[in-house]
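As the structure lists them, so they are numbered: ligands from 1, and atoms in each ligand from 1.
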Amino acid sequence: MKVLVLNCGSSSVKFQVIETSLEMIEADTDRTLARGGVEKIGLSDSRLTLEVEGRKPYQEISEILEHRAAVERILKILVHPEHGVLADVREIEAVGHRMVHGGEKFASSVLITPEVEAGIEECVVLAPLHNPHNLRGLRAARGLLPDVPHIAVFDTAFHQSMPARAYIYALPYDLYLRHGIRRYGFHGTSHRYVAIRTARLLGRKLDEMKIITCHLGNGCSMAAVARGRSVDTTMGFTPLEGLVMGTRCGDLDPAILPWVMAMEELTLAQLNAMLNKHSGLYGMSGVSSDMREIEAACERGSRRAQLAMEVFCYRITKYIGAYAAAMGGVDAITFTGGIGENSIKVRAMAIAPLAFLGAELDGERNTHAPRGKEYVVSRESSRVVVAVIPTNEERVIARDTVRVLGGVMPSFAAPETAAPR
Ligand code: ADP
């Protein structure tokens, strides 16, 4: 079946058309027919892009004022006689939507019914910067494709299997009960996908493995995946917690916040901007939030870029140690995301101190890991396998769409280890 995957942000809609089915998932033969998106929605120079394998990328600049018009343009280009890949929009049999936050309501991907939509709406308070746009995209797509099923795939669902000891903050318990303040975790589709692929690459059973997955992109997070279930992850109530990221600080002494607000006379908005936009690699280095530029600055001898790199990698190393302890061991460590897949230096620096744990990189394999391929970068003798797996969140969304429709979607709920209410 052909599935349209949509990922809607505040001013963008990304899409893929993926041909998949339960048989194709099993045989790993599902494939992307087209990918692209609309950027700068709301401006006069919105950009529509379309990529189809074997063809020159297509792009078009025009005024696209809102999400419905963006989805409409996407559907139109998909059936374009010259540039498109479909003869008719009716070839699209289902739409898979990326939803950022499913709170405690959604521990699985689900068919979107009026009740589900109300549930997603209730989660807006937890992700005010993301869920409203995801919902806007859903409503636009449903208006244009009213006769096909729409499925929601949540960034948070995979981490719903975490035990309460991993997700409860040591704050007054009332805050959890009244406001749902707890750790949720994000990047769930990516962590789940690369864990499954790691087991497959090694020819082992996922439900017999302890895997630490490192998703390092502009946003960075790690997960401890034991027997196919997330038991801990670095992002928390919001994506700000945990690892150092491009512009986000990650873990912090919370007492710094009121202190710096008072000393610098910051407003709440300024504080938020400081933590989310002016920190991380960018804040420490003063150079860039982009790892390629940090690496180039390190080469030029910038001490602050080198320090930013050290802080970034040290935190990954620390969490690997923590997650090995959380799972009582580790069989594989997997790197993914723009940095995880491409930065030879980050993998080398993060893994170097872990020989004691049985994780040893093969310098040659790490340096020559082929781009875009699933690849083992540890030594033959390394007890812990270190792998690079390119992530593919759209593929998970398409696959989940098929799984939900086929009635075989697993749930990641863990009621037996849930917190008392
Ligand atoms: P997003 O989280 O927005 O999806 P990506 O997963 O594409 O982002 O990751 C972006 C990050 O990947 C940037 O920091 C970029 O510098 C880094 N990156 C991409 N290619 C390389 C490379 N060859 N070497 C080092 N870092 C890279």
Which option out of Val346, Ile344, Ile339 puts a heavy atom nearest to atom 11 (C) of ligand 1? Ile339
Which residue and non-hydrogen atom of the protein lie closest to atom 20 (N) of ligand 1, and at what distance in Å? Asn342 ND2, 3.5 Å
Give a yes or no on whether atom 3 (O) of ligand 1 lies under 4.0 Å from any heavy atom of the protein. yes
Under 3.5 Å, side chain of Thr233 to main-chain N/O of Met222, donor-acceptor pair present? yes
With heavy-atom distances below 4.0 Å as the criterion, list the atoms of ligand 1 near Asp290. 14 (O), 15 (C), 16 (O)
Under a 3.5 Å cutoff, is there a donor and acceptor pairing between the side chains of His130 and His101? no
Quick one: side-chain contact (heavy atoms from CB on, under 4.5 Å) partners of Asn218, sequence neighbours excluded? none
Below 3.5 angstrom, do we get any N/O pair linking Gly338 and ligand 1? yes
Excluding sequence neighbours, so at least two apart, what forms ring pair (Phe, Tyr, Trp, His ring centres under 6.0 Å) with Tyr176? Tyr173
Sub-3.5 Å donor-acceptor pair from the side chain of Lys210 to the main-chain atoms of Met327, do we have one? yes
Residue selection (non-hydrogen contact nearest atom 1 (P) of ligand 1) among Asn218, Thr336, Leu216: Asn218
Just to be sure I read this right, does ligand 1 sit under 4.0 Å from the backbone of Arg371, its side chain, both, or neither, counting only heavy atoms? side chain
Gap separating the CD atom of Glu299 from the CD atom of Gln306, nearest 0.5 angstrom: 9.0 Å
What residue and heavy atom of the protein are closest to atom 14 (O) of ligand 1, and at what distance? Met291 N, 3.0 Å
What residue among Asn366, Ile320, Val376, Leu361 forms side-chain contact (heavy atoms from CB on, under 4.5 Å) with Val386? Leu361
Just which atoms of ligand 1 are under 4.0 Å from any heavy atom in Gly219? 2 (O)
